A.B. asks: 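Once you've had a glance at the structure underneath, I'll fire off some questions.
Letters go in sequence order (proteins before strands), and every chain restarts at 1. Keep in mind that what you see is a predicted model, and the values were worked out from it rather than measured.
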Amino acid sequence: MEEEAAEDYHERCVQCSEVNWGLTDGGRFYCRTCHNVIERTREVVNTDVISNTRVQTISKGLRKQEKNDEGWEWYVCEGFQFVLRKQAEALEALGVCPQMKDEILCNFWRRYLQKSQQAYCNRPAGEAIKVLSGCDSSTDLDSEPERPSLLHLLSLSESDGDLLTDCSFGSSIGKVSESTSVCSGSVDGSLHLMKNQKDKLRMSMPVTLSFCYLALLWLREPMTLSDLLRFVVEGHIPYLNVFQCFPEKMKLYGLDLKIFCVESWPVYEEVYNKMLQLAAFLELPRFPDITDSCFLHPDMLCMKYLMEANLPDELHNWTCRVVKKIHIGEADFLTFEPGNKSTRKVKYDVLAAAVIVVVLKLLFLLDDHYEWLLSDFAEERNKNNKEDGPYFEFKKWCKVIKSSLDVEQKKLDEERAKYLWRCEKPLFYSAKKKSKVLKRRQIVVNLQNQFGKLSGSVQPAEKPNPSSFQLNWSEENTDGSCFHGHSLKGILQEKCGLLTAINPDYWLCTVKLCTEKLCGHLAHYRELDFPQSYHFVLRLFSFLLRIQPSYIHEEVCVIEHKLFNKKLYKKPK
Amino acid sequence: MDSLMERAAPCPAAQAGSVLLPALHLPLLPPHLYRPATSHEHKLNFRKSKEACLTYIQDAMLQKQWKRAAEFLTFYIESLEKDFSTEYMGPSEMIWRIGTEILCHHSYSSMKDFNSFIEQMKTLGVKRYLKVCLEHAFHLLCNGQTDEAYQNLSLAESWRFGEQTTAQDKELKLIQAYRGLLDYYSWSKQKNVLLEYDKEGFEDLSVEQEMHSSFRKAAVNLKEIIQIPGVWDVFVKCYVDLLEFYGDHDEARQVLSEYAYNSKFPANPNAHVYFYQFLKRHGEPKKSLISVLKILHDIVPSHELMIDFNTMLQKSKKRKKRRLGLEVIFAALDYAGWKENVKAWSCLARQVKQIIISEKHLDWIKQEWNSRKDWWPAFHFSRYLAKRNWQENESLAYEKALVAGILLGKDCKYFKYVSHQGCKDQKKRLRTLKKFVNKHSPVYLRISGLSDSSVQT
């Protein structure tokens, strides 16, 4: 192959005017006739645009096959890029607008590479040499443009000139010594884990989801973070074992496993916080406005959650009133502005759920007493009057929700216990362990087959179709388990032409909010300290959003404090 | 020491204390601890998922839902592959045990499945290799595959795996012992064959030779294991049987007495039982039999041999022994298992009757009764029990009624009920009983301690 490359070079030798080129072991061109070694190397011939050696090392790394056929040299960021691409494709398949992958996510990623000085930046002086010193210099010349680098797999459109203009593949991938590259398949695995990145944001698997969420948010896609994470767990978005789809030659072992192997599901708070950090790190501008026509607007989300929680449609009127009263429906409040540190960032899903909880507290008090009183009254009325639509009975609602929730929770728990974490592709720390790992894998497969046959049930059920609804209530059901059309008449009264709640009281979840900076939360939740009805409602939303009840509780506290701001902070006369 | 005393004692003068006490150095608090730890209740990871899976398996097994258990086990198995983390989960033993249990009970599993499962388990954990082999052999035995079990044990015996072999020394001894047991089993089969032949007047030298070779193989291994302190009932019995068959009584006696009396061995009632039975078989004097049973009485006062013990003691001429006999039978009847045992009650009735007729040693009864008078009436002599005993077993009721009549007087519920019923049926036996009790009714007063005071007043 190299001989061919040398033959493609038809310039005459400066010393003897012959055209008889060969390649030295070092990869340089030499004249076979007079043994004159010239400065020319093959890259320079073929790649006129990119004059940076770093690019050559990266691309060369990928292209270079080691003699023992172990795999390519590849970099951790390439692995993550691959993961991101897979995730973006999956999101696209779920119906997210195609712009997301090629424009938004790709842009964010490039910006990340640039900001973290892994690519698209001025190479820090002298660093390339250090990088090169670790590599086998004989192959530096070997550059074949026909096989696209992974970095090109994300279709980079030519129009993104501003990023490419002063692009040079600078890298902070400093000292890659032979010894470190031994214990990982990637070139910079150890460096990736070692780096103490105070000002930089280290890539990790949860951060890939932060990337996805940022892109979704930028496009104002109708998908909340809790939806995204649920889709991940349900297997609609690649996350666990995503390295399975890495190209054959991208070998994963040693420290790579720590980077790419996931042993736990993404946690809402973690992904959210990383998202905030990431947005700040990328210095992203203000995101497109969240207006009342957006899915993420609390009025919209409340509608969705009211439906899912099987609550009367009439309640939407009340959530909208709360949203309006405390100005949390305004674009300035809702829109994500990474640079602005003074505003509290919004978790759209948690906010909407909390608004519903507050409305329920406003109307039903949820003190384990008043709501039952109202419910008894409604029940009595429904018994006597079957002609008009039924009044909403809180007790009946609780019963219906509880049984449904218990069933779903049980299903979920079993699914969690039955989750298979390992994939076909065997993983091992080092070549030494390979045979042992393969043997184990074989035993596991055998045993799984043996007991699978005894289990009676067929292989794990098909993954459910992706749906933004987890609980479905339809008015067509004749068993009366759907409360959407039920009326709130029993609990409202007319005052001066305005419907108000009969309930005259309210209780605050907390009198004083904590300082978020000090203890990480604005409020804290202990189930025992609160009425059971309140906990039940929290549990319902905690199930729907797959987050802890305390997160919703915290948001409830914040909303209450906004709502009762004047009364709470009234100066004593 | 002094300084310790000083610090421990409450300081009389605060000043002195502050001088003596060194300043307290607080440990460094890492920055992340300034914040309270966030809870990760909802964080699901590999480990938690597998733990949950295990819980489901256990629940299913407890409810004998073997299919469901197998289903969850299918998902648990991959915890074996946890090799790129440093945490140790130790699931392979779990899988071995659970898998064995499921395969034993599941209706669709065959012996072939079981064997292939066990073979995999053997390769999975060398640290447990011999244990797995041993249990495999047990399972084969339970399924009547004696030859396969024997093969398995022989194979396991020759297993060599560096240090692991020495580490599993105990298991190896057990394997050898069980192989010895199987040798004993074939010995006894051959012996029976020969005995049959003997009856019919045949002779078969080859079977005889085989039998002797089985004996040698069994004897070596059995002798080996019973020297190690432990509970080896089955091995000891077989070994003694071998020895007795070949007439080596001294050795057998030695083995049994060692097994019963060596203090290094754990307390084991059976050791004394075997020794007693051996001595009885060989017509040893009563004295030595009694001394063996005395120990058994101390360990297990409710043992069934206590009847024999009591009978032996009752017949004794020595007062002390008869006294012990009474103690033994009273103690046995303290246990619910003896409640309806006619033999035990008749022993007691006989001895009580004897004492009363001889009018000596009433204080023995009194002493025994003292600690029981609070609870025996409800435990043994309630009206309900009288009714039931009478219906189910009349002679039991008679024996008990006699004892009750003497211990509690003729007005007690048990006696009254039985005598009333007996009158109706005009039982002869009852009349003698009534007569006896009536005649000796003052005894009750003396036993219950009432008489002393009544005499004085």
A.B. asks: From A/I443 CD1 over to B/I77 CD1, what is the distance, rounded to the nearest 0.5 angstrom?
C.D. replies: 11.0 Å

A.B. asks: Nearest 0.5 Å, please: how far is OG in A/S264 from NZ in B/K48?
C.D. replies: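 Here the interatomic distance stands at 10.0 Å.
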
A.B. asks: Output the distance between atom CD (A/Q450) and atom OG1 (B/T74), rounded to the nearest 0.5 Å.
C.D. replies: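 Here the rounded value is 10.0 Å.
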
A.B. asks: Between atom CD of B/Q120 and atom CG of A/N446, what is the distance when rounded to the nearest 0.5 Å?
C.D. replies: 4.5 Å

A.B. asks: Taking the side chain as everything from C-beta on, heavy atoms only, tell me whether B/L124 gets closer than 4.5 Å to A/R440.
C.D. replies: yes

A.B. asks: Other residues, nucleotides and ligands only: do more than 12 of their heavy atoms fall within 6.0 Å of CE on B/M94?
C.D. replies: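 It does not: B/M94 CE has 12 such atoms or fewer within range.
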
A.B. asks: Measure A/N449 against the heavy atoms of chain B and call it side chain, backbone, both or neither at under 4.5 Å.
C.D. replies: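 For A/N449, no heavy atom lies under 4.5 Å from chain B.
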
A.B. asks: Quick one: pull up OH in B/Y76 and CD in A/Q448 and give me the separation to the nearest 0.5 Å.
C.D. replies: 13.5 Å

A.B. asks: Establish, yes or no, whether the cationic atom of A/K418 lies under 6.0 Å from the six-membered ring centre of B/F72 and within 45° of the ring axis.
C.D. replies: yes

A.B. asks: Are A/F451 and B/F117, when compared by the centres of their aromatic rings, separated by less than 6.0 Å?
C.D. replies: yes

A.B. asks: Indicate the atoms forming the closest heavy-atom contact of B/C53 with A/A417, along with that distance.
C.D. replies: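 In this case the closest contact between B/C53 and A/A417 is SG-O, 3.3 Å.
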
A.B. asks: Is there a side-chain contact between B/E78 and A/L447 (heavy atoms, below 4.5 Å)?
C.D. replies: no

A.B. asks: Using only atom types and a distance under 3.5 Å, with no angle test, would you say the side chain of B/S49 pairs donor to acceptor with the backbone of A/R416?
C.D. replies: yes

A.B. asks: So, are A/E414 and B/R68 salt-bridged, with charged N and O less than 4.0 Å apart?
C.D. replies: yes

A.B. asks: Please determine whether the number of non-hydrogen atoms from other residues, nucleotides or ligands lying under 6.0 Å from atom CZ of A/F536 exceeds 12.
C.D. replies: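 Correct, the count exceeds 12.
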
A.B. asks: For B/Y108, which atoms come within 4.5 Å of any heavy atom of chain A: side chain, backbone, both, or neither?
C.D. replies: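 B/Y108 touches chain A through backbone and side-chain heavy atoms alike.
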
A.B. asks: Quick check for you: to the nearest 0.5 Å, what is the distance between A/Q442 atom CD and B/T123 atom OG1?
C.D. replies: 11.0 Å

A.B. asks: Below 4.5 Å, heavy atoms only, C-beta onward: do A/W265 and B/N45 meet side chain to side chain?
C.D. replies: no

A.B. asks: May I ask you to name which of B/I102, B/I95, B/D113, B/L54 has the most heavy-atom pairs under 4.5 Å with chain A?
C.D. replies: B/D113

A.B. asks: Does any non-hydrogen side-chain atom of B/K50 lie less than 4.5 Å from one of A/W421?
C.D. replies: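 They are in side-chain contact.
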
A.B. asks: Heavy-atom count around A/K345 NZ within 6.0 Å, excluding the residue itself: above 12?
C.D. replies: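 Yes, enclosed.
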
A.B. asks: Around atom CD of A/Q409, are there more than 12 heavy atoms from other residues, nucleotides or ligands closer than 6.0 Å?
C.D. replies: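 Enclosed: over 12 neighbouring heavy atoms sit under 6.0 Å from CD of A/Q409.
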
